[in-house]
Amino acid sequence: HLSPSVPSILSAQRVSSTFHARFCALSRTYIYRLLLGCAHHSQIPVFERDLCWAPTGGPLDVAAMQEAAQLLLGTHDFSAFRSLRAEAAAQSPVRTLQQLQLQPAPGFLQQHYLHSGLEFWEVKVKSKSFFYRQVRRTVGALVAVGQGRLAPAQLRELLERRDPRAFPAHAEAPAAGLFLQRVEYSPAGTLLGERRCGAKLQLPPTRDGIKLQE
């Protein structure tokens, strides 16, 4: 999955033999990168292709997207944001979004297109755990709000329906633009031999970080 790129180890830390990278995590933070101002895919800067999503259809109503994001914060039944994969039905649909924030962001080579009219935005999503494609569906729903295809109130109704089949067709964001930024663990129990989970992994959302196709 990592070829042809070769991962680079930046640091290492001793942990307990009971440590589990997945189940000991306290939180996971994803970044989804949006590029606004592109009328056509060809306008995406060459160094940004496959590293962001440039929705078409004109400007996005960022204020409406931020309003809709507030409706998804907290603990909810996110059944409508689950995929229809068979194994997803066995998972609890209840998740707690600790953070869902839309904010301006720089491009990887910002100096190349400072005056091109392009704008980069990041959707930051933080939770203890996510289910398959939850982040991409969340971003896609927010973009649909920004495009006027969904109203913030309709997003609340979608959440309350608790039915993955109710999710709007073609509203799921593509994999391009999705990055795992940070995984946090308890600071306790980082020495070998202790019986608690520990350590902390922090990854910047850049080419040197980990990009996942969730």
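- Applying the side-chain hydrogen bond (donor to acceptor under 3.5 Å, both in side chains) test to every pair with at least one member in residues 63-75, sequence neighbours left out, gives these pairs: T75-T96.
- Counting only distance, with no hydrogens or angles, the side chain of Q147 and the backbone of T56 share a donor-acceptor pair below 3.5 Å.
- In this structure, the side chain of R28 engages the main chain of K128 through a donor-acceptor pair within 3.5 Å.
- Listed for the Y185 side chain is a donor-acceptor partner under 3.5 Å among the backbone atoms of A21.
- Ion pair D163/R165 flagged as a salt bridge, since at least one NZ, NE, NH1 or NH2 atom sits closer than 4.0 Å to an Asp/Glu carboxylate oxygen.
- The closest side-chain heavy-atom distance from L71 to L159 is not below 4.5 Å.
- In plain terms, the two heavy atoms of Q43 and C38 that are nearest each other are OE1-C, 3.4 Å.
- Remark: A80 pairs with L158 by the side-chain contact (heavy atoms from CB on, under 4.5 Å) rule, at least two apart or across chains.
- Residues passing the side-chain contact (heavy atoms from CB on, under 4.5 Å) test with E160 are R156, sequence neighbours excluded.
- Side-chain contact annotation: E184 with S27, donor-acceptor N/O pair under 3.5 Å present.
- Scored by the side-chain contact (heavy atoms from CB on, under 4.5 Å) test, Q99 finds Q101, K124, K126 as partners (sequence neighbours excluded).
- Each of L178, V143, V123 was compared with W53 under the side-chain contact (heavy atoms from CB on, under 4.5 Å) criterion, and only V143 meets it.
- At distances below 3.5 Å, at least one donor-acceptor pair connects side-chain atoms of H20 with backbone N or O atoms of R22.
- When atom types are taken as modelled, the side chain of E48 and the backbone of P45 share no donor-acceptor pair closer than 3.5 angstrom.
- For the ring pair (Phe, Tyr, Trp, His ring centres under 6.0 Å) condition, the pairs that include at least one residue of residues 150-174, sequence neighbours left out, are F81-F167.
- Residues F179 and Y32 keep their aromatic ring centres 6.0 Å or farther apart.
- Side-chain atoms of R149 never come within 3.5 Å of backbone atoms of P168 as a donor-acceptor pair (strictly under, hydrogens ignored).
- With hydrogens and angles ignored, the 3.5 Å screen pairs no side-chain donor or acceptor of R162 with any backbone N or O of S79.
- With sequence neighbours excluded, no residue satisfies side-chain contact (heavy atoms from CB on, under 4.5 Å) with A153.
- Considering OG of S127 and CG of L73, their distance stands at 10.5 Å, rounded to 0.5 Å.
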Does W121 form a side chain to side chain contact (heavy atoms under 4.5 Å, CB included) with L60? I'd like the steps, not just the answer.
CA-CA 11 Å; W121 289 74; L60 298 181; over 6 Å; no

Please step through side chain to side chain contact (heavy atoms under 4.5 Å, CB included) for the pair T29 and V125, ending with a clear verdict.
CA-CA 6 Å; T29 302; V125 192; over 6 Å; no

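- In terms of modelled atom types and a separation under 3.5 Å, the side chain of R137 and the main chain of A173 share no donor-acceptor contact.
- Put simply, the side chain of R33 gets close to the backbone of L51: a donor and an acceptor are under 3.5 Å apart.
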Test L26 against S186 for side chain to side chain contact (heavy atoms under 4.5 Å, CB included), laying out the working first.
CA-CA 7 Å; L26 297 179; S186 167; 4.1 Å; yes

One pair to check against side chain to side chain contact (heavy atoms under 4.5 Å, CB included): S129 and R95. What are the steps and the verdict?
CA-CA 7 Å; S129 61; R95 294 290 188 274; 3.3 Å; yes

